[in-house]
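Note that the structure is predicted; figures quoted are calculated from it, not measured. All heavy atoms count here, side chains included; hydrogens, waters and symmetry mates do not.
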Amino acid sequence: MPDLHMKLLRVVLLMTFFCLVFAAAGSTQSDSSRHIMADSVVTDTGAKNNLPDTLFIAGISIYGNKKTKSYIIERELPFKQGSYITLGDLKKGLETGKQQLVNTTLFTDVAVYVENSYGQFVFITVFVKERWYILPLPYFKFIDANFNTWWVTYNHTLKRTNYGIKFLHNNISGRNDKLTTWLITGYSKQVAVKYERPFFDKQLKQGYQLFASYSNQGDINYATNKNKQQFLRPEGLPYMRKTLKMEGDYIYRPGLRVRHIFRAGYMYEQIADTAFALNPGYFGNGNKKASFPYIGYTFWYSNADYNFYPVKGLVSETSILHKGITKDMNLTQLVSINSYTIPLLPKTQIQVKEGGMLNLPFNQPFYNKGMFGYYGNISMRGYEYYVIDGDAGIVGRATLQQQLAGFTKKLGLGEKKEPYSFRVYGKLFADAGYVYNRHPGNSILNNKMLHSWGAGIDLVAPYDVIFKFDYSFNQLGESGIFIHLNTDF
């Protein structure tokens with residue numbers, strides 16, 4: 001184990017050195033100038049100070065959208081051509097328009113500003129630089145909840161990774177619709193396809209999403225022992241877990257900030273006889289198979305400058321999900337995650353994030369008990385090597401972050417290099433949480449107050465790729481370096 005920690009330390013040091021060298025090299029390319037140039041896009045918003053108090057938006061000009069339909073861009077602006085607006089609302093609207101366009105994930109750079117004015121008549125200009133929309137990507141991902149569990153606990157074995165091809169075709173028709181296809185092998189054999197269309201009506205308020213997947217898994221997490229996942233991977237068996245999932249979502253977006261998502265789907269799962277023998281209560285129905293429909297609703301609100309790594313604003317998501325229609329599968333789950341980031345100084349912020357989860361009724365089988373630390377669920381920093389099962393849980397996270405560097409680098413092949421922005425942040429953090437479990441078994445983390453703290457460095461890269469390097473301490477007396485990668489890929 002010490003050797004593995006030393007390997008991990010070397011990885012972190014190399015990545016930190018890479019970030020600092022990258023920042024130094026990019027400092028000469030810093031986007032200190034805010035002027036429009038042929039090879040760059042203005043990233044500023046501005047309204048002239050000598051404008052009258054009441055204005056008429058006489059024109060909105062959009063440039064740089066080679067693929068994206070203009071009305072998709074106009075949908076994200078809080079004002080329309082031909083409308084009256086106060087000077088104060090216009091200044092706020094320019095900032096909001098840029099913020100909304102950045103969060104569409106269609107563009108690498110955005111500018112919204114007043115180009116010209118004649119008396120009370122103002123002419124708005126929107127400049128965008130579009131992303132690459134067709135991305136056939138090699139796919140490689142460890143199946144564990146975080147990098148450290150895979151690297152240290154399982155000695156970064158390739159047997160616990162998935163690899164293959166992920167094909168993304170974003171903005172297919174110029175309406176911000178997306179088609180994603182996964183062809184995955186390795187730990188699990190998986191085929192999946194997802195299509196998203198944010199708007200299908202003339203009012204640009206209604207959309208939908210379709211998803212289907214089939215996977216055949218080589219091993220299975222059949223139980224938890226002292227907050228450690230227990231896996232079974234026998235040789236010679238064709239599968240340990242099979243999963244078929246189909247889902248359709250209806251999305252209603254009445255304005256800029258809010259989305260209402262209604263979902264309905266079907267799930268079929270089957271585990272091997274050997275796994276069922278070890279945990280006959282896996283599904284809670286006395287069977288090695290589970291087949292059930294589910295329905296759900298999500299309320300999503302965003303008023304943040306950048307949803308993936310905000311330095312200002314609020315992002316909130318609250319969901320209710322119900323699985324099953326018989327006693328064999330009966331779960332109602334409530335989940336809420338909210339993040340509020342407050343600027344303290346021009347490059348310093350404090351972020352408060354809270355999350356909660358409730359499973360009803362409390363007598364859920366192992367299949368429905370995952371609470372903290374599982375992939376995609378709520379987690380606490382410093383407890384990356386653990387999972388916590390339960391019936392109800394809450395966590396609060398506070399982070400003080402300071403931007404250490406911001407720079408641009410030209411990336412690409414040959415003469416097609418384009419500038420991309422990078423940011424580096426330092427941070428201090430503290431977490432607290434609690435998970436209630438009516439039947440905790442031999443858990444060492446349930447039904448008690450948990451806390452952790454630490455410091456770290458984050459690298460925010462283009463295309464919503466975020467590297468996080470943390471050094472954390474927990475109340476068990478443990479500490480270590482933890483690496484997290486957040487990506488929209």
*Asks:* Would you check if the distance from the ring center of Y133 to the ring center of H169 is below 6.0 Å?
*Replies:*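 No, they do not, as the ring centres are separated by 6.0 Å or more.
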
*Asks:* Can D470 and K427 be counted as an ion pair, charged N to O under 4.0 angstrom?
*Replies:*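 Yes, charged N to carboxylate O under 4.0 Å.
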
*Asks:* Do you know which of L404, I457, V311 makes side chain to side chain contact (heavy atoms under 4.5 Å, CB included) with Y425?
*Replies:*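 Exactly one candidate clears the test, V311.
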
*Asks:* Taking atom CG as the centre, does D201 end up with more than 12 heavy-atom neighbours from other residues, nucleotides or ligands that are less than 6.0 angstrom away?
*Replies:*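 Atom CG in D201 is packed in, count exceeds 12.
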
*Asks:* Could you check F121, Y118, F123 and say which one makes a ring pair (Phe, Tyr, Trp, His ring centres under 6.0 Å) with F56?
*Replies:*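 Among F121, Y118, F123, the one that satisfies the ring pair (Phe, Tyr, Trp, His ring centres under 6.0 Å) with F56 is F121.
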
*Asks:* Counting C-beta onward and ignoring hydrogens, is there a side-chain heavy-atom pair between D391 and K369 closer than 4.5 Å?
*Replies:*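 SC-SC contact between D391 and K369 confirmed.
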
*Asks:* Using the ring of each side chain (for Trp, its six-membered ring), is Y463 parallel, tilted or perpendicular to W132, with breaks at 30° and 60°?
*Replies:*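 Ring orientation of Y463 relative to W132: tilted.
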
*Asks:* Would you call R381-D431 a salt bridge at under 4.0 Å N-O?
*Replies:*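 So R381 pairs with D431 through a salt bridge.
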
*Asks:* Do T68 and V128 have side-chain heavy atoms sitting under 4.5 Å apart?
*Replies:*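 With C-beta onward as the side chain, the pair stays apart.
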
*Asks:* Counting neighbours of CD1 on I342 that are heavy atoms of other residues, nucleotides or ligands and sit closer than 6.0 Å, is the number greater than 12?
*Replies:*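 Atom CD1 in I342 is crowded, with more than 12 foreign heavy atoms closer than 6.0 Å.
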
*Asks:* Any non-hydrogen side-chain atom of W300 less than 4.5 Å from a side-chain atom of E317?
*Replies:*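 Touching, per the 4.5 Å side-chain cut-off.
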
*Asks:* Atom NZ of residue position K189 - does it have more than 12 heavy atoms of other residues, nucleotides or ligands inside 6.0 Å?
*Replies:*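 It does: K189 NZ has more than 12 such atoms within range.
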
*Asks:* Just so I know, are the side chains of Y71 and R175 near enough to count as touching, which here means a heavy-atom distance under 4.5 Å?
*Replies:*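 Yes, their side chains come closer than 4.5 Å.
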
*Asks:* If you define the side chain from C-beta out and look only at heavy atoms, does anything of V126 sit under 4.5 Å from E74?
*Replies:*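 V126 vs E74: side chains apart.
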
*Asks:* For F262 and Y297, I'd like to know if the aromatic rings sit close, meaning centre-to-centre distance below 6.0 Å.
*Replies:*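 Ring centres of Y297 and F262 closer than 6.0 Å.
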
*Asks:* Please examine the side chains of Q349 and K312, heavy atoms only from C-beta on, and report whether any two atoms are closer than 4.5 Å.
*Replies:*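 A side-chain contact under 4.5 Å is absent here.
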
*Asks:* Is the shortest heavy-atom distance from the side chain of V352 to the side chain of N338 under 4.5 Å?
*Replies:*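 Side-chain contact under 4.5 Å: no.
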
*Asks:* Between R263 and E247, is the closest basic N to carboxylate O distance under 4.0 Å?
*Replies:*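 A salt bridge links E247 with R263.
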
*Asks:* What do you reckon, is NZ of K67 surrounded by more than 12 foreign heavy atoms closer than 6.0 Å?
*Replies:*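 Count over threshold, so yes.
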
*Asks:* So, are R241 and E269 salt-bridged, with charged N and O less than 4.0 Å apart?
*Replies:*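 Salt bridge flag = yes for E269 with R241.
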
*Asks:* Which of these passes side chain to side chain contact (heavy atoms under 4.5 Å, CB included) with K129: V110, L106, D109?
*Replies:*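 Exactly one option meets the side chain to side chain contact (heavy atoms under 4.5 Å, CB included) with K129, and it is D109.
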
*Asks:* Could you go through N176 and K178, starting from their C-alpha distance and side-chain angles, then the distance that decides it, and tell me whether this counts as side chain to side chain contact (heavy atoms under 4.5 Å, CB included)?
*Replies:* CA-CA 6 Å; N176 198 15; K178 304 175 184 179; 3.6 Å; yes

*Asks:* Are the side chains of L183 and F167 in touch, meaning some heavy atoms are under 4.5 Å apart?
*Replies:*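 A side-chain contact is absent here, since even the closest heavy-atom pair is not under 4.5 Å.
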
*Asks:* Looking at R259 and D249, does any basic side-chain N land under 4.0 Å from a carboxylate oxygen?
*Replies:*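 Looking at R259 and D249, the cut-off is not met.
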
*Asks:* Might you work through the side chain to side chain contact (heavy atoms under 4.5 Å, CB included) test for R257 and T96, ending with a clear yes or no?
*Replies:* CA-CA 10 Å; R257 309 291 191 192; T96 298; 3.3 Å; yes

